[in-house]
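For reference, the structure is listed below as structure tokens.
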Amino acid sequence: MSTEKAGPEPSFRSDVGVELVKHSASDSDVLWAARVSTAGEQSLEELTKDPERSKGLINYLMRDRHGSPFEHNSMTFFVNAPIFVFREFMRHRVGWSYNEESGRYRELLPVFYVPGEERKLVQQGRPGKYEFVHGTPEQHRTVTEAMEESYRRSYAAYQEMLAAGVAREVARATLPVGLFSSMYATCNARSLMHFLGLRTQHELAKVPSFPQREIEMVGERMEEHWRSLMPLTHAAFNANGRVAP
């Protein structure tokens, strides 16, 4: 008797998903934390009554790297991305909390990453001094066909093992890092700035960074949300070379 299980058909994506699910984050959080050292407790009205002074204080804190006032806030994101992106994410440990979906407790869905045509495919140069350039149409076709075939085969093997009664935590070992996963990631503005300094390329950055494009896509979407919540802090981050305090 065949143990083959009829599971859902694999689907393929070239994007990532980032949703801000909850937050307690504003520029006034930075002002409140910084001014307690000189003025004690103050009301929100007192903190924000002089916009130019507020802007100047936040810029001063960023410029002179007084970092702790940027920690008194919180942002929780729901991130949907390939597993290999999450493995890079876990390098960021200070000021971050993560909870990822589990392949031990749920059947994983067949959603897989395939680079879009805009994704640069070819690495040129030696380690430590290289660049990525766009691939040819033939290279893109090779990547797409090879990835999709591999994904289909690995997910079919996964379904076959599940149908045979193999535990999910064992069967998942056949699945590749191109599988999409999801997680909640919680951080504060200071830890997010450290992340963005490493995981995005930007013309204003004092220290160049060369992130993998897929985690940079996540960083860009996080930064969009953060900028709308804390515009003065974001502006000071850019004005001071995108170096976290």
Side-chain angles (χ1 to χ4, degrees), residues 13-31 33-34 51 54-55 57-63 65-100 113 115-116 118-120 132 180-245:
R13 292 177 55 183
S14 61
D15 63 339
V16 297
V18 176
E19 177 186 356
L20 179 67
V21 294
K22 65 177 181 177
H23 67 88
S24 174
S26 68
D27 291 319
S28 62
D29 296 326
V30 181
L31 302 172
S54 296
K55 179 180 177 181
L57 175 57
I58 289 176
N59 190 71
Y60 158 74
L61 296 170
M62 191 78 68
R63 184 194 68 210
R65 307 197 72 184
H66 297 290
S68 57
F70 298 100
E71 297 176 6
H72 297 271
N73 55 83
S74 177
M75 293 165 279
T76 298
F77 299 94
F78 182 74
V79 183
N80 189 239
I83 288 174
F84 67 80
V85 170
F86 289 178
R87 299 297 78 82
E88 290 195 327
F89 239 111
M90 303 309 174
R91 302 287 185 181
H92 300 270
R93 299 180 295 278
V94 178
W96 287 88
S97 297
Y98 305 105
N99 280 93
E100 185 181 352
Y113 177 75
E118 72 285 352
R119 201 328 182 164
K120 296 177 180 178
F132 281 88
F180 269 74
S181 187
S182 60
M183 71 172 177
Y184 289 115
T186 298
C187 63
N188 59 54
R190 190 182 191 187
S191 54
L192 181 58
M193 284 185 278
H194 278 288
F195 176 85
L196 295 175
L198 285 171
R199 301 300 183 179
T200 61
Q201 275 191 314
H202 199 283
E203 60 183 4
L204 296 177
K206 286 183 180 177
V207 181
S209 185
F210 306 95
Q212 184 162 337
R213 178 55 189 154
E214 288 75 16
I215 197 169
E216 183 179 35
M217 290 159 60
V218 174
E220 289 170 348
R221 285 155 178 75
M222 285 183 160
E223 185 168 357
E224 290 173 8
H225 290 294
W226 173 55
R227 180 176 60 229
S228 67
L229 296 174
M230 304 178 72
L232 295 182
T233 303
H234 180 264
F237 176 58
N238 278 338
N240 289 277
R242 294 175 68 86
V243 176

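Everything quoted here is computed from the prediction, not taken from an experiment. Residues: numbered from 1 along the sequence shown.
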For the side chain of [X] and the backbone of [Y], is there at least one donor-acceptor N/O pair under 3.5 Å apart?
X      : Y      : answer
Asn238 : Ala235 : no
Asn188 : Met75  : no
Arg227 : His225 : no
Asn99  : Tyr184 : no

Side-chain heavy atoms of [X] within contact of [Y], under 4.5 Å:
X      : Y      : answer
Pro245 : Phe70  : yes
Ser26  : Asn73  : no
Val79  : Met222 : yes
His202 : Leu196 : no
Gln201 : Glu216 : yes
Ser191 : Val94  : no
Arg213 : Arg119 : yes
Gln212 : Val85  : no

Can you tell me how far the [atom1] atom of [X] sits from the [atom2] atom of [Y], to the nearest 0.5 Å?
X      : Y      : atom1 : atom2 : result
Glu19  : Asn80  : CD    : CG    : 10.5 Å
Leu31  : Thr233 : CG    : OG1   : 7.5 Å
Met183 : Phe89  : CE    : CZ    : 4.0 Å
Asn59  : Ser54  : CG    : OG    : 12.5 Å
Leu229 : His234 : CG    : NE2   : 11.0 Å
Ser14  : Met217 : OG    : CE    : 6.5 Å

| message | Looking at Arg91, I'd like to know if its CZ atom is crowded, meaning that more than 12 non-hydrogen atoms belonging to other residues, nucleotides or ligands lie closer than 6.0 Å. | response | no
Which heavy-atom pair separates [X] from [Y] by the least distance, and what is that distance?
X      : Y      : value
Phe195 : Gly219 : CE2-CA, 3.7 Å
Arg199 : Ser209 : N-OG, 4.2 Å
Arg242 : Thr200 : NH2-OG1, 3.1 Å
Ser182 : Phe86  : N-CE1, 3.6 Å
Pro69  : Ala33  : CA-CB, 3.8 Å
Tyr113 : Glu214 : OH-OE2, 2.6 Å

| task | Could you check Met90 against Trp96 for side-chain contact (heavy atoms from CB on, under 4.5 Å), going step by step and ending with a plain yes or no? | result | CA-CA 9 Å; Met90 303 309 174; Trp96 287 88; over 6 Å; no
| task | Could you tell me how the ring of Trp226 sits relative to the ring of Phe237: parallel (under 30°), tilted (30 to 60°) or perpendicular (over 60°)? | result | perpendicular
